[in-house]
Amino acid sequence: MKPETVRTAAVLALFAACLWLLHSLLVPIVWACLIAVATWPLHDRLRSRFGRRAEPGSAILLTSAVVVFLLLPLGYLFYRGLREIPVLVHLWTSSREAGLPVPDWLASVPGIGAWAARQWQDTLAEPGALSGYAHSLTGGLDFAAGRTLVAVVSRHAMSMFFCIVLLFFLYLGGDALGVQIDAVLARHLGPAGLRTRALAVQAVRGAVNGLALVGLGLALLMSIAYAVAGVPHAAAFGLATGVLGMVPFGAMLVLAGVLLFLVAAGGATTAIWLGIFGAAAIFIADHFVRPLFLAGAAQLPLVLALLGIVGGLETFGALGLFLGPTLLAVTVAVWRELATEDAK
């Protein structure tokens, strides 16, 4: 056996052992890498403006900004949840004693109002029906299930912690790591490997900008629109519009639900102008702004970008929103490289 073959096998075995060792931390590691790649231009600008000595300060600043970006929506939802606890407790208690009467506005919902009112009457109007229905859905929560819930929350909190820590050290040592990656690609794959690496970086940044930043902008815009229209919990519905807007047609589902509520509550005129404004904002974001990021930098056809989002979400969960378009962009780049070589 040739020494080169033995060396390659040993290196692959070493990498496989590292993957097995870190398999439980792969998700936060990938998240940290995606965030670092997407925000690296900001890191470069800060260092060019304040000098290389400011690199630790830039790493601290950007890491703190990511923490705020991640924790602010979660903090808001936690705050709103605490404020709604007394109402939910009262609702739960009254449902056990007298059931939950059908809301007056429910039957006025266009198209499905009568059906929804009948379903409510059949499932929730009887005393104790809500607790029985919740019990059947959850399979009966007990102390062991509560401990499982605590374990799940703790595991996700630890994953976020490791993601933030790794992100900070990537900002500090990312330049050296990038040089090493380029050296390995140039040695084993040649110029094609370097071009593919550059396109993968562009695809990651396009996915993050096209999904996260556009979704954030849509969330802020629709939160203001919902507040002006008098929608309850406008910020929460705006956040849902922006987050679900990362998935094709997700934002329209939230908007449709809000409009149905307004019509049922007697605000048909408000629902009309909010629907026009919201549909226009979502249409512009989905068909003009987001494609500029998703398809432009990586030269990925828009239909493939959308397929990458849906397929990535189905395969990898939330992480797939960014991995899906990136993998398809790299695949398209390799295909074009092979086609160019065959043409020559």
Side-chain angles (χ1 to χ4, degrees), residues 25-75 156-157 159-182 194 196-220 239 242-243 245-246 285 289-300 305 308-309 312-313 316-327 329-330:
L25 297 174
L26 284 181
V27 171
I29 290 173
V30 175
W31 271 117
C33 293
L34 288 176
I35 296 172
V37 170
T39 58
W40 200 261
L42 295 176
H43 190 42
D44 282 338
R45 291 181 184 179
L46 289 174
R47 291 186 302 177
S48 62
R49 182 177 181 84
F50 299 104
R52 299 290 296 186
R53 294 182 179 180
E55 184 168 5
S58 174
I60 294 174
L61 179 62
L62 290 177
T63 304
S64 302
V66 171
V67 170
V68 171
F69 182 81
L70 293 177
L71 295 185
L72 191 60
L74 295 178
H156 282 82
S159 296
M160 182 176 293
F161 171 76
F162 283 118
C163 175
I164 297 302
V165 171
L166 179 59
L167 178 63
F168 173 75
F169 285 102
L170 283 175
Y171 284 134
L172 290 181
D175 287 324
L177 179 61
V179 171
Q180 294 169 0
I181 292 175
D182 285 345
L194 295 178
T196 303
R197 190 273 304 163
L199 190 127
V201 170
Q202 293 176 353
V204 169
R205 291 172 182 167
V208 172
N209 293 332
L211 294 173
L213 295 184
V214 176
L216 176 62
L218 185 62
L220 293 175
L239 180 62
V243 172
M246 298 181 186
V289 181
R290 186 171 284 125
L292 292 177
F293 295 105
L294 286 175
Q299 298 179 355
L300 182 66
I309 292 173
L313 183 65
F316 301 107
L319 192 61
L321 288 172
F322 309 98
L323 286 182
T326 301
L327 291 177
V330 173

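Only this structure's heavy atoms are used, side chains among them; waters, hydrogens and symmetry mates stay out.
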**Request:** Please tell me if the side chains of L71 and M160 come closer than 4.5 Å, counting only heavy atoms from C-beta onward.
**Result:** yes

**Request:** Give the intermediate values and the outcome of side chain to side chain contact (heavy atoms under 4.5 Å, CB included) for residues L166 and L25.
**Result:** CA-CA 11 Å; L166 179 59; L25 297 174; over 6 Å; no

**Message:** Can you tell me how the ring of Y171 sits relative to the ring of H43, calling it parallel under 30°, perpendicular over 60° and tilted otherwise?
**Reply:** tilted

**Request:** Please report the closest heavy-atom contact between T326 and A200, naming both atoms and the distance.
**Result:** CG2-O, 4.0 Å

**Message:** So, taking the atom named CG in L34 and the one named OG1 in T39, what distance separates them when rounded to the nearest 0.5 Å?
**Reply:** 10.5 Å

**Minimum side-chain heavy-atom gap L70-V66 below 4.5 Å** = yes

**Request:** Quick one: pull up CG in L213 and CZ in R205 and give me the separation to the nearest 0.5 Å.
**Result:** 13.0 Å

**Prompt:** Do you know the tightest heavy-atom contact between G320 and P325?
**Reply:** O-CD, 3.9 Å

**Prompt:** Are V204 and F322 side-chain neighbours, meaning at least one heavy-atom pair lies under 4.5 Å?
**Reply:** no

**Message:** For a 4.5 angstrom cut-off between non-hydrogen side-chain atoms, does I35 reach F69?
**Reply:** no

**Prompt:** What are the two closest non-hydrogen atoms of F168 and P56, and how far apart are they?
**Reply:** CE1-O, 4.4 Å

**Message:** Can you confirm whether D175 sits close enough to V179 that some side-chain heavy atom of one is under 4.5 Å from a side-chain heavy atom of the other?
**Reply:** no

**Asked** L62 and L46: side chain to side chain contact (heavy atoms under 4.5 Å, CB included), yes or no, with the steps?
**Response** CA-CA 10 Å; L62 290 177; L46 289 174; 4.1 Å; yes

**Item:** Interatomic distance, L199 atom CG to L194 atom CG [nearest 0.5 angstrom]
**Value:** 12.5 Å

**Prompt:** So, does T63 use its side chain to make a donor-acceptor pair with the main chain of I60 at under 3.5 Å?
**Reply:** no

**Complete:** Rounded to the nearest 0.5 Å, the CG atom of L239 sits from the CG atom of L218 at a distance of 11.0 Å

**Fill in**
Correct closest heavy-atom pair for W31 and C163 would be CB-SG, 3.8 Å

